[in-house]
Amino acid sequence: MNSLSEMPSMADPRQALKPNQHSSEDTIARRERMRKQRDSLPIASVRGRLVEEVKAHDVLIIVGETGSGKTTQLPQFLFDAGFCHDGRVIGITQPRRVAAVTVAKRVAEECNVQLGQRVGYSIRFDDSTSSSTRIKFMTDGLLLREALLDPYLSRYSVIIVDEAHERTVHTDVLLGLLKSVLNARSKSVGGCVNADSKKGNFGIVRKNESGTQSVGFLKQCQGMKFPPLKLVIMSASLDARIFSKYFGGARAVHIEGRQHPVDTLYTLHPQRDYLEATLVTIFQIHLEETPGDILVFLTGQEEIESVERAVKEQVYSLPESSQMIVTVPIFSSLPSEQQMQAFKPAPAGYRKVILATNIAETSVTIPGIKYVVDPGFVKARSYDPLKGMESLVIIPTSKAQALQRSGRAGREGPGKCFRLYPEREFEKLEDSTKPEIKRCNLSNIILQLKALGVDDIIGFDFLEKPSRAAIIKSLEQLFLLGALTDDCKLSDPIGRQMAQLPLDPIYSKALILASQFNCLEEMLITVAMLSVESIFYTPREKSEEAKTAMKCFTSPDGDHLTLINVYRAADELLEKRNRELIGKNETNFQRKTDKILRKWCKENFINSRSLRHAHDVHSQIRGHIEQMGLHVSSCGEDKLQFGRCLAASFFLNAALKQPEGAYRALASGQIVQIHPSSVLFKSKAECIIFNELVQTNQKYIRNVTRIDYLWLTELAPHYYAMQS
DNA sequence: GAGCACTGC
């Protein structure tokens, strides 16, 4: 097992393309240049006033546009102003891992300190911080996890929640928690609320809209060990009002950004076929506009591939002098090597057309974009609590999203954005995207809130409350898994152990059960593989080859054992190579094993990024499991034992074959199909369990294994005994 | 015989 853990992290494609900043530049000159850059940022001119605002108010909202420098500069201003003098830490949260890492590196460089000393970052699987770290960048999910161990967040003097307008479920829950922490840590009741509504010099302000102070679930700790906490929320303009209102009319200030102008153009009429309109627009830009790359926003892989084919076909109908155009796709499930193609400059004289999903909206920044084509649609996940089913549907973007997309054309110079709908349609769009907390399964966050001591979930002061039905459905699920007692309290030890594990609750429960079924080793691999993005990658043009490659891993029982076979095959391969390399005194040992694994993945149509990720999850969870004292043993060749454990764990997701070959999900009664990517797609198994139910064109279940129906009544009698 | 945006612990 150890062999795989020695693989080095795979280079992130977004970082691999950064130039080496230390190449031949003189240190002093570099520092001087950096100082000038910092001084020229819009935020530099309001430094003093900003520090005063933070000192004067416990909650401050900063509305900062792109390029204002708020993320890199504010933490340094506060550090210099003495917010860490007592050894406490300024914490800055980000929704994404890459952002936390890259910003931390930049700030460490600006402070001229080694990363991990005064300035560091902490994200899952990667912690650069030390006891001397005072400015700490992290993901918002990680800070939530920290709160389980330290509910008052006592090591922090300031917490800056960046990109709050993105409204990820972690940001929302974190803000709910912080409201209670502020209240508990404030010296006097009302101390965290700013009632001052005078107009500021460089900002504005909301009136105190709510005089009532919500008392959180944390006990007051007046005069105790913790000094008051400062909270800074950084957001894009459209959503500041809601944060201010939530924090009792907290003060909001505005900092201007630095963006080049983007000329936005609309169509005269609505387009019936937006893919056709996209194609026409791409060629129109190519033929009529000055040089510069084009970024096109599409909803998914299928659209991207079809537009790519169409561009390649139609380019030959152009005059030869105009044929210099290349397309590059980028979407999250694309292997990293291929993602990186989007960042490479086009050959001299060529125009590059990047066909992207909304990965290019915030997650990655591709240089050289001058034109944006925005058909105005996005594929969004929604969740139906009554059916317990997720669905993926194509819907119009929000205004905020459309603005974010057009902004991508103005990063390096003036640009143009072509919206493929009339201007009057823009006005009809929602202001911002529906917050994630209102469209996801809440089981995981409810379990975490329970572990934090929030007993009354329905009464919890959410920034925006999820539907009652969604809350009740998740409470019910947690109860059926044994995480909650009859009176809806966290059970001990099961619920407490489940909350400790950073996994979907149903997977946490599966691990606890597996220790009783003597197959924890197998279940650990299974939940790790189920927790990551798709392991198999099947490009359309090589689907036959991919199918053949997959055959050598296939288990007739189903996808779960198939995934275990893949994981173990990779493990064995690396162990074998390690034995060969050991004693040869090889340098670049890690790089070589990594290269071997990547080659193997490519040959077997496996996504090496996903496999690597599964391995990280595996070792992290194994650490937790061992700490809990659960016994990690293998069932060896006893597949029956593992199958029974799957039935006992995933009894809520069981389905029975119907006469027509479809399946009926027992919990909800829905008629579903096995997804074609499953090894059981053509099988005629009578009874199965599955791990995912998603509606796309049909209701598909994925990750499926056959079981014996009788196991359900035997192993989950509390659920099935009455029904049989 | 279909196809799944994006994050995160």
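Labels below follow one simple rule: chain letters A, B, ... track the order of the sequence lines, proteins then strands, and each chain is numbered from 1.
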Handout entry: Pairs meeting criterion salt bridge (charged side-chain N to carboxylate O under 4.0 Å, His left out) with involvement of residues 433-451 of chain A, two or more places apart
Key = A/Lys438-A/Glu464

Exercise for the section: Please work out if A/Arg381 contacts a base, only the sugar-phosphate, or nothing of the nucleic acid, heavy-atom cut-off 4.0 Å. Expected result: base

Exercise for the section: Quick one: label A/Thr362 by what it contacts on the DNA or RNA (base, sugar-phosphate, nothing), any heavy atom closer than 4.0 Å. Expected result: nothing

Exercise for the section: Give a yes/no on whether any side-chain N or O of A/Ser332 is located under 4.0 angstrom from OP1 or OP2 of B/dC6. Expected result: yes

Problem - Check: B/dG3 base within 3.5 Å donor-acceptor of A/Thr538 side chain - result: yes

Practice task
May I have the distance from A/Gln695 (atom CD) to B/dA5 (atom C1'), rounded to whole angstrom?
Solution key: 16 Å

Exercise for the section: Go through the structure and list residues passing side-chain contact (heavy atoms from CB on, under 4.5 Å) with A/Cys440, not counting sequence neighbours. Expected result: A/Val169, A/Leu442

Exercise for the section: Rounded to the nearest angstrom, tell me the gap between atom CD in A/Gln497 and atom P in B/dC9. Expected result: 23 Å

Exercise for the section: Nearest whole angstrom, please: distance from the P of B/dG8 to the CD1 of A/Ile123. Expected result: 8 Å

Practice task
Would you indicate what A/Ser677 reaches in the nucleic acid, counting non-hydrogen atoms under 4.0 angstrom: base, sugar-phosphate, or nothing?
Solution key: base

Exercise for the section: Measure from NE2 on A/His613 to C1' on B/dT7 and round the result to the nearest Å. Expected result: 11 Å

Practice task
Name every residue in residues 696-706 of chain A that has at least one heavy atom under 4.0 Å from any atom of DNA chain B, in order of residue number, or write none if there are no such residues.
Solution key: A/Thr696, A/Asn697, A/Tyr700, A/Arg702

Problem - Pairing residues for A/Phe426 by the ring pair (Phe, Tyr, Trp, His ring centres under 6.0 Å) criterion, not counting sequence neighbours - result: none

Fill in the blank from the handout: Which of B/dG3, B/dG1, B/dC9 is nearest the side chain of A/Lys547? It is B/dG1

Exercise for the section: Please work out if A/Phe331 contacts a base, only the sugar-phosphate, or nothing of the nucleic acid, heavy-atom cut-off 4.0 Å. Expected result: sugar-phosphate

Exercise for the section: Rounded off to whole Å, could you give me the CD-to-C1' distance for the A/Glu166 and B/dG8 pair? Expected result: 12 Å

Problem - Nearest to side-chain heavy atoms of A/Asn358, which nucleotide of B/dA5, B/dG1, B/dG8 - result: B/dA5

Exercise for the section: Using a heavy-atom cut-off of under 4.0 Å over every strand shown, decide if A/Leu142 touches base, sugar-phosphate, or nothing. Expected result: sugar-phosphate

Exercise for the section: Measure from the side chain of A/Thr357, starting at C-beta and using heavy atoms only, and say which of B/dG1, B/dC6, B/dC9 lies closest. Expected result: B/dC6

Exercise for the section: Identify which nucleotide among B/dG8, B/dG1, B/dC6 has an atom closest to any side-chain atom of A/Thr139, counting heavy atoms from C-beta outward. Expected result: B/dG8

Practice task
Go through the N and O atoms of the side chain of A/His675 and the base of B/dC4, and report whether any donor-acceptor pair is under 3.5 Å.
Solution key: yes

Completion exercise
Sorted by position of nearest nucleotide on DNA chain B, 5' first, the leading residue of A/Lys379 and A/Pro502 is A/Lys379

Handout entry: For atom CD of A/Glu361 and atom C1' of B/dT7, their distance in whole Å
Key = 13 Å

Completion exercise
A/Ile437 CD1 to B/dT7 C1', in whole Å, measures 15 Å

Practice task
Please work out which of the three classes, parallel, tilted or perpendicular, describes the rings of A/Tyr700 and A/His675, given edges at 30° and 60°.
Solution key: perpendicular

Practice task
State which residues pass side-chain contact (heavy atoms from CB on, under 4.5 Å) with A/Ala356; sequence neighbours excluded, sorted by chain then number.
Solution key: A/Leu295, A/Ile330, A/Ile354, A/Ala360

Completion exercise
Applying side-chain contact (heavy atoms from CB on, under 4.5 Å) to A/Arg155 and not counting sequence neighbours gives A/Val89, A/Lys136, A/Glu146, A/Asp150

Handout entry: Mutual orientation of the aromatic rings belonging to A/Phe460 and A/Phe462 [parallel < 30°, tilted 30-60°, perpendicular > 60°]
Key = perpendicular

Exercise for the section: Would you mind reading off the distance between A/Phe377 atom CZ and B/dA5 atom C1', rounded to a whole angstrom? Expected result: 15 Å

Exercise for the section: State which of B/dT7, B/dG1, B/dC9 makes the closest approach to the side chain of A/Arg124. Expected result: B/dC9

Practice task
Examine A/Phe377 together with A/Tyr274 and report whether their ring centres are nearer than 6.0 Å.
Solution key: yes

